[in-house]
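Accompanying notes for the structure given below.
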Amino acid sequence: MKVALTSKKQIQVKSGMLQQLLAFASLIALVIVFTLSSENFFRFDNIIGILLSTAVIGVLALGSTFVIITGGIDLSVGTVMTFSSVMTGVIITFWNMQIPYGIAGGILAGALCGLLSGLAVAKMKIPPFIATLAMMMITKGLSLVISGTKPIYFDKPHAEGFTKLSLGSVTNWLIGVEIPNAVLIFFGLAIVAGLILTKTIIGRYNFALGSNEEATRLSGVNVNAWKIAIYTITGAFSGIAGILMASRLNSAQPALGSGYELEAIAAVVIGGTSLSGGQGTILGTVIGALIMSVLTNGLRILSVPQEWQTVIIGLVVIGAVYSDILRRRKA
Amino acid sequence: MKVALTSKKQIQVKSGMLQQLLAFASLIALVIVFTLSSENFFRFDNIIGILLSTAVIGVLALGSTFVIITGGIDLSVGTVMTFSSVMTGVIITFWNMQIPYGIAGGILAGALCGLLSGLAVAKMKIPPFIATLAMMMITKGLSLVISGTKPIYFDKPHAEGFTKLSLGSVTNWLIGVEIPNAVLIFFGLAIVAGLILTKTIIGRYNFALGSNEEATRLSGVNVNAWKIAIYTITGAFSGIAGILMASRLNSAQPALGSGYELEAIAAVVIGGTSLSGGQGTILGTVIGALIMSVLTNGLRILSVPQEWQTVIIGLVVIGAVYSDILRRRKA
Amino acid sequence: ACNKDDKKEASNGKMYIPLISKGFQHQFWQAVKQGAEKAAKEFDVEITFEGPETEAQVDKQIEMLQAALDKKPAAIGFAALDSKAATPLLEKAKAANIPVIGFDSGVDSPIPLATAATNNVAAAALAADKMAELIGGKGEIALVVHDQTSRTGVDRRDGFKQRIEEKYPDIKIVDIQYGGGDHLKSTDLTKAIIQAHPNIKGIFGSNEGSAIGVVNAITELKKEGQIIVVGYDSGKLQTDAVRSGKMAGAITQNPVGIGYETVKAAVQAAKGQSIPKAIDTGFLWYDKTNIDSDEVKPNLYD
Amino acid sequence: MEGIEKSFPGVHALNQCRFELRAGEVHALVGENGAGKSTMMKVLTGVYRKDAGRIAYKGKDIDIPNTKAAQQLGISIIHQELNLMPHLTVAQNIYIGREPRRKIRFLLDEKALEEQTRALFKKMNLDMDPRAKVADLTVAKQQMVEIAKALSFNSEVLIMDEPTAALTSSEIEELFRIIEQLKASGVGIVYISHRMDELKRITDRITVMRDGCYIDTVDTGEVSVERIISMMVGREIYHSVEPMARDDSEETVLEVRDLNRGRTLRGVSFELKKGEILGFAGLMGAGRTEVARAIFGADAIDSGEILIRGKPVRIRGPHDAVRQGIGYLSEDRKRYGLLVEMDVKTNVTIATYEKFNRVGWMNRDRIERSGEKIVDQLKVKTPGVHQKVKFLSGGNQQKIVIGKWLTKDSDILIFDEPTRGIDVGAKGEIYKLLEELAERGKSIIMISSELPEILRMSHRVIVMCEGRITGQLLREEADQEKIMKLATDRTG
Ligand SMILES: Nc1ncnc2c1ncn2[C@@H]1O[C@H](COP(=O)(O)OP(=O)(O)OP(=O)(O)O)[C@@H](O)[C@H]1O
Ligand SMILES: Nc1ncnc2c1ncn2[C@@H]1O[C@H](COP(=O)(O)OP(=O)(O)OP(=O)(O)O)[C@@H](O)[C@H]1O
Ligand SMILES: [Mg+2]
Ligand SMILES: [Mg+2]
């Protein structure tokens with residue numbers, strides 16, 4: 001009995017790993033193809049560039065993973081990101097406050113938007129697609145209203161260091177390798193998200209909700225409260241993405257962000273998370289986001305015309321998801 | 001027994017009508033508010049303008065209704081529309097063929113895209129969100145590739161009448177009232193869509209699929225074939241929308257169309273169709289589309305700043321869907 | 001029974017002139033709006049200013065024009081995304097005796113009474129000349145353009161490209177990419193261009209977002225000074241970059257002037273006065289040396 | 001509980017109902033399908049709010065606004081429908097909402113969770129892996145998870161809504177043992193079941209409901225089964241007659257040769273004759289459902305041949321099977337049989353639309369008439385053919401699924417657990433129906449886990465174990481003992 005049990009578990013672990021391995025294999029394959037096609041691809045600078053360009057979308061994708069595992073969706077992550085960056089700008093530049101307040105304010109603004117979406121979904125029973133579509137419009141408009149349709153620049157004397165937040169490098173200082181902070185923050189957040197999802201009570205309810213919401217409710221779990229909490233987490237991640245974005249551009253650009261939600265969702269799904277809820281992993285999302293940005297970067301390096309880039313990315317999205325489906329069917 | 005049955009049926013018919021009435025009431029309320037706020041709103045020209053601006057999105061929304069009732073979604077309607085208009089342009093302008101061929105080609109191109117999405121969803125089991133997201137990217141890229149990233153103008157001698165297709169008016173000629181053809185085509189298509197959905201086999205399977213796909217399959221319905229057919233219908237509607245668009249702009253604009261899918265979906269959902277499938281009406285979609293365009297037009301007429309317009313539309317979307325949910329809860 | 005003149009007045013009795021632009025979120029358009037508002041105050045008229053979210057949305061602009069016409073304005077200012085697509089409505093305006101004034105890049109139609117515009121092709125060609133001068137007449141360069149299909153995107157790209165091809169055979173354009181004017185996307189794609197073409201000597205950014213993206217990319221790759229950046233438009237980040245030397249220089253149009261002249265011409269047209277057909281609002285090259293000069297200063301916006 | 005009222009749109013589900021439960025008793029709640037048993041219990045556990053009435057618990061009036069409140073009061077329930085999270089493990093399902101935590105309160109303690117579950121299983125004498133994913137379990141195992149979950153609350157009141165419907169006899173024995181234990185420790189148990197033999201075995205008192213009304217409460221020992229049944233239905237019910245002897249020379253309608261599918265089907269071959277009821281017996285997971293699904297084209301097979309009237313046919317999906325005249329009534333009607341959001345008439349005609357259309361155009365009158373015909377013929381309790389199926393009780397839903405295949409008029413019918421969750425009255429009607437169909441020359445495969453049912457209905461019995469057919473018995477030679485022996489024949 002003991003023996004049988006262990007072997008069963010091993011098989012499960014293996015199949016779980018297999019899934020990641022498969023996505024990982026696609027990623028490696030892409031890297032190899034591009035390395036062979038262009039000598040300029042596999043260079044330290046370019047790899048760092050890819051990682052840096054993954055950071056913002058990646059953080060959005062991490063946040064989206066939570067909502068998607070509940071079987072929901074968040075179309076507002078892109079504009080909430082922008083809204084948060086604008087709020088950070090307002091706090092630091094208009095209100096002349098220190099950077100940490102700006103950061104806290106931005107994350108809070110994102111979390112608040114998530115909270116409101118969560119309330120609409122959980123309490124008003126508005127389908128997530130619609131609730132977050134509305135949130136997308138509202139934050140898009142408010143970003144422009146608050147900023148006065150102008151970029152907000154972080155040029156106060158006390159905001160000097162703001163751009164270091166994402167472009168500086170603690171590793172340079174620590175171990176002499178220059179990895180931008182934004183990249184470290186992205187991976188750090190991935191670990192945090194992974195821990196939340198697998199080790200905490202909210203993660204457990206996240207999967208339970210996505211698997212069978214009614215059964216979870218009948219088990220006495222306060223489904224609404226947890227759902228709101230999960231949307232709030234997603235909002236907070238969008239807030240962090242907004243701060244990374246603002247710090248990288250050294251300004252809050254109020255017109256940005258539309259369309260980012262679809263990229264984030266694509267990354268999540270390529271990473272093997274199911275849109276119907278109940279299953280998904282953070283590692284998958286990280287790999288999914290990397291696949292997207294390696295692909296974009298590689299095609300650019302190869303100077304593929306932009307219109308063809310779009311077509312190719314579309315085909316790769318289909319291909320990646322299909323190979324995942326085939327794998328599951330076999331398993 | 002017989003009596004009870006009839007009265008029950010009447011009640012249900014009434015509750016069905018109530019839903020439409022409620023959406024309709026919101027629409028009327030909007031119209032009244034705008035009429036009172038601006039003397040320029042309720043004028044023949046402006047009303048015609050509103051109807052005309054509803055036509056394209058409206059036709060996309062009609063098409064989307066089918067897919068949404070299956071419980072799916074089509075994110076590609078906007079770019080498929082563009083792709084179809086480009087194909088029409090290619091046929092009429094590059095290949096020098098007559099207008100009817102261009103129209104047929106455009107509709108076929110749309111239907112083909114729908115067919116491919118349908119195949120991906122039904123045969124490859126790719127979630128509709130992803131399959132159509134990929135189709136969106138692919139058609140977006142291909143429109144640019146085929147058109148050479150330039151608008152295609154319908155300025156061949158034999159294409160003279162092309163713009164009449166949507167901007168001419170048969171009613172002017174028939175009854176002396178100048179209603180643009182695009183508006184008539186939209187309402188005509190709404191009737192066709194309504195008949196398909198309520199009177200035909202494909203309509204019935206459409207609802208059955210959305211209600212419980214597996215049970216439908218186990219009842220011996222060739223679920224895959226019908227699903228593909230439904231996506232093809234949606235594609236064909238996008239194709240028609242593309243032709244209306246092209247004829248209205250007297251050109252095929254290859255970069256248009258992103259974001260239209262969300263407007264179309266919003267119209268469908270405001271009209272009371274459920275994103276989880278199994279229920280919906282065409283009348284609702286028509287009203288939903290009108291609500292969206294009355295709102296947009298009214299806010300413009302009132303010269304509300306653009307950024308606030310976005311915010312207000314977001315709030316109205318939430319409000320409309322929520323009132324629908326409240327009504328259902330009461331019923 | 002409606003008399004034409006009371007149609008043309010807003011509720012408060014002022015003349016009403018809507019401006020339909022190509023956008024509203026960008027700094028450039030905000031500067032045009034500013035100029036228009038200045039003129040509105042001066043001539044005591046009421047204006048509104050709106051435009052679609054992206055320059056691809058030809059149809060949205062048509063709808064805005066439609067709604068504007070329905071408001072029975074005294075005159076209309078219109079920056080056409082696609083003139084041919086707007087022809088039916090322009091004819092409608094003509095039939096209703098509403099004067100149309102083109103702005104920004106001109107309306108390719110006989111209907112507008114006047115056009116207050118920058119010649120984007122010529123301006124981009126000037127940028128090309130400056131680029132050639134700065135890199136010494138030979139080497140690899142690339143373009144980061146904001147839009148693949150819009151009039152401004154196409155004109156600036158082609159104006160730049162044609163001048164290089166005609167006059168500078170030793171300069172090679174190795175890549176043209178489109179970043180949608182999105183700062184972040186432009187940054188990432190510029191980095192890819194630089195990776196792909198390590199010998200690149202100069203990059204042209206076709207609008208504010210693109211140019212800033214190029215500057216960001218070069219900063220992030222620590223190649224300041226090694227790659228010449230030529231930009232377009234102003235805005236704070238660009239003027240800062242020019243001052244600090246990260247950007248060699250840029251073309252600025254006179255957006256404030258465009259807005260001002262448009263409204264001014266519209267008022268005159270509505271009053272039936274005659275106006276010149278073409279109002280060239282001009283463009284200027286600015287760099288570190290002349291950025292604070294009296295000639296350049298009024299044409300910059302933050 | 002007293003004077004309980006509950007209405008749904010168009011249905012007065014509970015009308016002045018009462019129910020009383022003492023500590024340490026097993027109290028059965030019986031009634032026809034749709035009598036309101038489940039609704040009554042859902043009111044008690046906070047799933048629904050009552051419209052009127054009074055609930056007293058340990059002498060005090062209480063209000064139960066939600067499920068959590070019921071749990072806290074010590075009332076737990078095993079619902080008629082499975083309420084599990086398929087993506088989670090067994091242990092995670094059982095302790096959902098009550099996870100053991102670490103010192104930092106929001107961190108989970110997986111080890112403790114697993115240990116608790118193991119201890120629980122040990123108490124229940126249940127052999128199951130706490131880390132198995134629920135989606136990978138059979139319906140019977142899932143039902144055991146539900147039971148384990150209800151037990152884990154250590155409640156004072158335990159409600160079981162048809163717990164045995166999906167269980168096999170050995171598991172039922174285990175469950176009864178557990179019930180005896182609980183009873184001894186003073187737990188009050190409400191037991192809802194349609195199986196009369198069970199009531200006699202384990203219950204102390206019986207409350208009968210009919211049409212949303214309370215009828216009577218009696219001591220189990222003092223009434224006969226016949227009396228209970230007549231209280232339930234208030235009318236005569238069908239008693240089985242000896243099935244007609246079948247002529248052995250009749251033609252073979254369906255022949256299955258060497259069907260293989262992974263580890264679940266291994267070399268399955270059998271024949272089905274015209275006008276025959278062929279019983280399929282076996283323990284849970286024996287592979288009977290798999291056989292049915294394979295024949296019906298619902299799952300792809302690895303190898304094997306299917307012949308209909310001697311001719312090999314290719315069945316690529318259910319639509320091919322239906323075209324060949326096969327109908328399949330699945331064991332999980334909610335998931336695989338019904339469009340619960342749609343109305344009665346649509347559900348009974350969904351397999352038959354070709355009959356009702358002219359060039360793609362539907363004939364609504366005929367659809368409606370077909371619906372009404374089935375409602376009359378099967379005595380479906382519904383306000384009309386426009387009623388959504390989700391508002392019907394479990395048994396009536398089952399009748400709708402049967403109605404679908406009656407409308408289709410298929411020649412070969414596969415009934416997978418046709419009487420699961422069906423009251424005695426309706427059960428009798430279904431038996432009668434099966435026999436009538438067989439008489440009319442239809443061939444029927446009947447999969448059932450209830451041996452008496454198999455023995456009573458089948459002309460021939462096929463017994464399966466672990467994906468193989470372990471024996472065939474003629475009606476004359478079949479008895480419980482022989483079947484059980486074959487069903488556990490793990491050689492080969
Ligand atoms: N949510 C609901 N909405 C509308 N009607 C309902 C609902 N739930 C139950 N009903 C109706 O209430 C009545 C009682 O149903 P209930 O499920 O309590 O029956 P039951 O006695 O448990 O039957 P079964 O033995 O078939 O499970 C039925 O007529 C049913 O159709
Ligand atoms: N969803 C599933 N996932 C994995 N294995 C399954 C699943 N359903 C059934 N099985 C396995 O397939 C085999 C046959 O199951 P099947 O349901 O056909 O048995 P059955 O004889 O019909 O029993 P039951 O009385 O449970 O319906 C068993 O080994 C079972 O564990
Ligand atoms: Mg019940
Ligand atoms: Mg079975």
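So that the names make sense, note that chain A is the first sequence line, chain B the second, and so on, each numbered from 1.
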Item to check | Min side-chain heavy-atom separation D70(C)-N40(B) under 4.5 Å | outcome: no

Checklist entry - Under a 4.5 Å heavy-atom cut-off, does chain C meet the side chain of Y260(B), its backbone, both or neither? => result side chain

Checklist entry - Counting only N and O atoms by type, is there a donor-acceptor contact under 3.5 Å from the side chain of Q253(B) to the main-chain atoms of Q57(C)? => result no

Checklist outcome for this item: Turns out that what part of T149(C) lies under 4.5 Å from chain B's heavy atoms comes down to both

Item to check | Atom group of N46(B) that falls short of 4.5 Å from chain C, counting heavy atoms | outcome: both

Item to check | Heavy-atom pair of closest approach, residues Q306(B) and F49(C) | outcome: OE1-O, 4.5 Å

Checklist outcome for this item: Okay, L144(B) and chain C: the region with an atom under 4.5 Å from a heavy atom over there is side chain

Next on the checklist: I'd like to know which of I301(B), T310(B), N297(B), N250(B) tops the heavy-atom pair count under 4.5 Å against chain C.
Outcome noted: I301(B)

Item to check | Test item: R248(B) and E63(C) side chains (from C-beta on) under 4.5 Å apart, heavy atoms | outcome: yes

Checklist entry - Under 4.5 Å between any side-chain heavy atoms of K71(C) and S303(B), yes or no? => result yes

Item to check | Inter-residue atom distance S53(B).OG - D59(C).CG, 0.5 Å rounding | outcome: 10.0 Å

Checklist outcome for this item: All heavy atoms of K60(C) vs all of R300(B), minimum pair found to be O-NH2, 4.4 Å

Checklist entry - Do other residues, nucleotides or ligands put more than 12 heavy atoms under 6.0 Å from F94(B) CZ? => result yes

Checklist entry - Under a 4.5 Å heavy-atom cut-off, does chain C meet the side chain of Q309(B), its backbone, both or neither? => result side chain

Checklist entry - Using non-hydrogen atoms only, which part of D147(C) is less than 4.5 Å away from chain B: side chain, backbone, both, or neither? => result neither

Checklist outcome for this item: The interface call for L256(B) against chain C, heavy-atom contacts under 4.5 Å, is both

Checklist entry - Has E165(C) got more than 12 heavy atoms of other residues, nucleotides or ligands less than 6.0 Å from its CD? => result yes

